[in-house]
Amino acid sequence: MAAPKKGRSASAQSKPGRSLALILIAIVALTGGMFLSGHTTPRLGIDLAGGTSITLEAKADQGSAINKANMDTAVDIMNRRVNGLGVSEAEVQTQGDRNIIVNIPKGTNSKEARDQVGTTAKLYFRPVLAQEATGAAASASPSPSASGSSSASPSPSASKSGASGEKATSSSSPSASATTQGRAVTDALKADASPSASASASSSPSPSASASGDTGSTADAKLQAQYAALDCSKESARAKAGEGVKPEDSTVACGEIDGVWYKYLLGPAAVAGTEVDEAKAVYDTQTAAGWQVTMDFNKSGAKKFADITGKLAQNTLPQNEFGIVLDGEVVSSPTVSQSITGGQAQISGSFTQEEAQSLANMLSYGALPLSFQEQSVTTVTAALGGDQLHAGLLAGAIGLGLVVLYLVFYYRGLSVVAMASLLVSGILTYVIMALLGPAIGFALNLPAVCGAIVAIGITADSFIVYFERIRDEIREGRSLRPAVERAWPRARRTILVSDFVSFLAAAVLFIVTVGKVQGFAFTLGLTTVLDVVVVFFFTKPLMTLLARRKFFASGSKWSGLDPKSLGAKPPLRRTRRTAAPVETKEA
């Protein structure tokens, strides 16, 4: 009995139905999973579905270096902030060494998201040393003898849980006179060194004290000049107030109270926002205080907060206030009447629900390690995205139609195999993209559509390679059935090498690029892998089955395998070898 020749698999020739059944089961299973998941269409990217794309550039102006670790941390914090707003399917990713791109889909409050993602959220609790209205409202500011509004004083119940103060606190202001203002600032800086000093001493500073060398240091004089020249009614002045100041230094800042901008002289930071464990936006129905932000400090923060509130409680307005400074702006300046222990505090005032939730969100998820400047904001409407999607699908349909026409014209009957394989590949691609949306957040953007269109040509190349190998075997004089099997090993090697090169290019492109180009690379890589699956488990078995049909096996001129049209040689015939004489071995 002769042994079977190497390289031929009897099961592969006789049971091609197994491979076809396997890929059919895979299609049914994936399609069923798609319908069960409820995501029957691929998730569309921002350029197709509409939304807002924000490009932020990192600035090394806080003493932090722009490196991969800080950029990754910033991306993580921005992701959590956007998710905290209830935004789904947002994308935050780095681009290059110093840029971050935030893509926010349609149906989202893009303005609020823009305010959230780029805000550094550096929070400090600083004691208030002096406070004064600026701009046109300065002439209408209350006299130095005026006391703060009664609503600014914390209620007994609020004092037990934390500092309660109005965002719209109307505190006493120093005199508008430059001379008096300068003395007040100088004395406030001196009082900051001795927090237990009485408020009467700060209200009536002695000339000799203000002229002394200790209080008239260069740093204090510079800060005094900054405070005197600060006009918080101007946006440019507000942007530069306290710029580059370290937490341990005194500074100036601006804050808005009932539509009026106030300037503040603030002492060194007593508690940092990083010592806030959790912050929540709550609505106070008992005291009609409206929306508030409650904060829970960690152990060290609770101790520091108790110490500073105990010292401030001994002073009078405005030096019994602490300024809650967020990114250089005083968002609230509550008064303190007693030391607050327990590690809890609350910021109350004229907050809307959105403002309270935004502040709580930024406090909860921490401060960005870098500051960011908004470089560009691109808004894509749903109508524009629909037009782009329509154009992309139209281009794909035209490309597919041209490929089909070429296959029908050149390969005739074989084009049925090619079109069936393209259909199976298209179904698998669509179903997998629909499943990858909820699974890994894959979004089909315009470059991804381009990648799918390019994949049509790659898939068609695989069929052409196999068909031409079969034709070569027929030209050698072989019949169709052996030609199909003999052509496969050589075609298989060529297809694998070609697809490997395409997949390698897609993988490199996916790794070294960011943003929308990754969508092109991902789609190209996915369709390349699916091309191998379809050729091995569908095209080859289907070709084996069709080779047994008379239409193809007889070499009909409409089959695309007509030996005469291909210029085939006469059929190969086996010749019996002449047996050599056998010599009898001698005993």
Side-chain angles (χ1 to χ4, degrees), residues 61-62 119-120 122-144 146 148 165-193 202-203 205 210 215-270 315 317-335 349 371:
D61 55 1
Q62 303 183 66
T119 304
T120 313
K122 292 286 187 182
L123 179 78
Y124 296 105
F125 295 82
R126 293 177 177 268
V128 176
L129 306 180
Q131 175 189 3
E132 180 185 0
T134 59
S139 58
S141 61
S143 63
E166 293 292 331
K167 185 184 178 184
T169 303
S170 177
S171 303
S172 60
S173 303
S175 169
S177 167
T179 304
T180 307
Q181 184 187 79
R183 289 198 304 269
V185 172
T186 303
D187 189 70
L189 292 171
K190 182 182 72 173
D192 178 48
S202 63
S203 300
S210 60
T215 58
S217 64
T218 304
D220 291 350
K222 183 179 179 180
L223 189 62
Q224 177 179 333
Q226 289 179 358
Y227 182 77
L230 182 60
D231 184 1
C232 290
S233 62
K234 298 179 180 179
E235 185 177 356
S236 58
R238 295 196 299 268
K240 295 181 179 180
E243 187 177 15
V245 176
K246 297 180 180 178
E248 61 270 17
D249 296 337
S250 298
T251 183
V252 295
C254 297
E256 188 178 12
I257 300 175
D258 286 339
V260 178
W261 283 99
Y262 280 74
K263 62 181 179 181
Y264 290 84
L265 177 66
L266 304 171
N315 301 334
L317 285 170
Q319 294 178 7
N320 66 339
E321 300 178 4
F322 63 83
I324 301 174
V325 186
L326 179 66
D327 286 347
E329 181 180 328
V330 179
V331 296
S332 182
S333 55
T335 58
S371 63

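Fair warning: this is a prediction, and the values are worked out from it, not measured in the lab.
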> Okay, side chain of Thr134, backbone of Cys232: is any donor-acceptor separation there less than 3.5 Å?
Replying inline: yes
> Counting distance only, does the side-chain N/O of Glu329 pair as donor-acceptor with the main-chain N or O of Gly255 below 3.5 Å?
Replying inline: no
> Distance from Leu230 atom CG to Tyr264 atom OH, nearest 0.5 Å?
Replying inline: 12.0 Å
> Residues in ring pair (Phe, Tyr, Trp, His ring centres under 6.0 Å) with Tyr124, at least two apart?
Replying inline: none
>> Suppose we screen for side chain to side chain contact (heavy atoms under 4.5 Å, CB included). Which residues come up paired with Gln226, at least two apart in sequence or across chains?
In response: Lys222, Leu223, Val252
>> Quick check for you: to the nearest 0.5 Å, what is the distance between Phe322 atom CZ and Arg126 atom CZ?
In response: 14.0 Å
> Minimum heavy-atom separation for Lys263 to Ala228, with atom names?
Replying inline: NZ-O, 3.5 Å
> Are there more than 12 heavy atoms of other residues, nucleotides or ligands under 6.0 Å from atom CD of Glu248?
Replying inline: yes
> Any idea which heavy atoms bring Val330 and Gly323 closest together, and the distance?
Replying inline: CG1-CA, 4.3 Å
> With side chains defined as the heavy atoms from C-beta onward, is the minimum distance between Ser250 and Pro268 less than 4.5 Å?
Replying inline: yes
>> Using the rule given for side chain to side chain contact (heavy atoms under 4.5 Å, CB included), can you reason through Phe125 versus Ile324, listing the C-alpha separation, both sets of side-chain angles and the distance that settles it, and then say yes or no?
In response: CA-CA 5 Å; Phe125 295 82; Ile324 301 174; 3.8 Å; yes
> Hey, is the main chain of Leu266 close enough, under 3.5 Å, to the side chain of Thr251 for a donor-acceptor pair?
Replying inline: no
>> Ala270: which residues meet the side chain to side chain contact (heavy atoms under 4.5 Å, CB included) condition with it, sequence neighbours left out?
In response: Ile308
